[in-house]
Protein chains: 2
Amino acid sequence: MADTTADAPACDVDGTCYCPLTGVISTLSQKYAIQLVSIIGAHDSLRFAEIEAHLPTASTSTISKRLDEFEEAGLVSRTQYNEIPPRVEYALTKDGDELRARLEPLLEWAASTE
Amino acid sequence: MADTTADAPACDVDGTCYCPLTGVISTLSQKYAIQLVSIIGAHDSLRFAEIEAHLPTASTSTISKRLDEFEEAGLVSRTQYNEIPPRVEYALTKDGDELRARLEPLLEWAASTE
DNA sequence: CAGGATCCTTATAGATACTG
DNA sequence: CAGTATCTATAAGGATCCTG
């Protein structure tokens, strides 16, 4: 762990820059985002109401927003069945599962520190 | 990946509940929090101004707040030297480094997806 | 059932100015 | 240098109502 070379750009010694809040990290910095990935990943697929039941402290609109963001980020797939009553299934995509895998150690450790 | 047993509490199949936003996860859900852990962890110790230089898009007050929260959570240590001009060094604690280790795969992967 | 639209409240961050 | 205090702007989340 060397120190900064003083003339380097305002980023990291190894050239990696975490400065801007971009991509997945900014998506994860939303309320309940981490938990949602974990919850969806714990199942093959889930319906909206099921997700709500797993995260009772989050409001409908918050969950809805997170799911939209995840879908746009390609982390979650949304499958709509045109039945009556309507049915929608959410599941992690391959990318979403990559994320989940990297989140798991974090969540386990976090749970153990409480 | 089994599905819910329907009668289970509004948590996870395996009994794990991620519902409330608590502890480390809520600390991490703050702006720049993840990056800060990573930046501090990339050095043995850092002064306030150095941290600012590594995260130029974050304001002084935001960084200050994050550092306070980290210190309170026992993730970062703050060492003050009573010199003139004053000098303060921030470093990850053992716990903070545990966290950093679990964050690293996430950050690497996140960077690769951009 | 799934969730969008709206309105409202709170949380959070940023700018600025100032101090030990 | 290393912040804190204050204020303001904005974003984010929650409650409620409503619809395909």
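The structure presented is a predicted model; accordingly, all values stated were derived computationally and were not measured. Chain letters run A, B, ... following the sequence lines, proteins first and then strands; every chain starts at 1.
- The bend of the helix from C:dC1-D:dG20 to C:dG20-D:dC1, defined by the angle between the axes of its first five and last five pairs, stands at 60° to the nearest 10°.
- Here the P atom of nucleotide C:dA11 and the CD atom of A:Gln30 are 17 Å apart, to the nearest Å.
- Partners of A:Arg66 according to the salt bridge (charged side-chain N to carboxylate O under 4.0 Å, His left out) rule, which considers only residues two or more places apart in sequence or in another chain, are A:Glu69.
- Of the residues in residues 68-87 of chain A, those placing a heavy atom less than 4.0 Å from an atom of DNA chain C are A:Asp68, A:Arg78, A:Pro85, A:Pro86, in numerical order.
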Quick test: give all pairs of protein nitrogen or oxygen and nucleotides 14-17 of chain C nitrogen or oxygen below 3.5 Å, distance rounded to 0.1 Å.
| unit_1 | atom_1 | unit_2 | atom_2 | d |
| --- | --- | --- | --- | --- |
| C:dG14 | OP2 | B:Ser59 | OG | 3.3 |
| C:dG14 | OP2 | B:Thr62 | OG1 | 2.5 |

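- The closest side-chain donor-acceptor pair between B:Ser77 and B:Glu71, if any, does not fall under 3.5 angstrom.
- The phosphate of C:dA13 (OP1 or OP2) has a side-chain N or O of B:Arg66 nearer than 4.0 angstrom.
- Under the side-chain hydrogen bond (donor to acceptor under 3.5 Å, both in side chains) criterion, B:Thr93 pairs with no residue, sequence neighbours left out.
- Not counting sequence neighbours, A:Glu72 has no partner by the side-chain hydrogen bond (donor to acceptor under 3.5 Å, both in side chains) test.
- Residues that satisfy the side chain to side chain contact (heavy atoms under 4.5 Å, CB included) test with A:Gln80, not counting sequence neighbours, are A:Arg78, A:Asn82, A:Val88.
- For B:Ser61, the side chain to side chain contact (heavy atoms under 4.5 Å, CB included) partners two or more places apart in sequence, or in a different chain, are B:Ser59.
- A:Ala73 pairs by the side chain to side chain contact (heavy atoms under 4.5 Å, CB included) definition with A:Leu75, not counting sequence neighbours.
- Under the rule for a side-chain hydrogen bond (donor to acceptor under 3.5 Å, both in side chains), the partners of A:Arg87 that lie at least two apart in sequence or sit in another chain are A:Glu83, A:Glu89.
- Here the shortest heavy-atom pairing between B:Leu46 and B:Ile40 reads CD1-CA, 4.0 Å.
- Side-chain atoms of B:Tyr32 and B:Thr57 form a donor-acceptor pair, as typed in the model, at a separation below 3.5 Å.
- A salt bridge does not link A:Glu98 with A:Lys94: none of the charged nitrogens is closer than 4.0 Å to a carboxylate oxygen.
- Partners of A:Thr27 according to the side-chain hydrogen bond (donor to acceptor under 3.5 Å, both in side chains) rule, which considers only residues two or more places apart in sequence or in another chain, do not exist here.
- Per the geometry, CD belonging to A:Glu52 stands 10 Å off P belonging to C:dC1, to the nearest Å.
- Between B:Leu99 and A:Leu106 the shortest side-chain heavy-atom distance falls below 4.5 Å.
- Taking every nucleotide of DNA chain D with any atom under 4.0 Å from a non-hydrogen atom of chain B, the first and last of them, 5' to 3', are D:dC1 to D:dT4.
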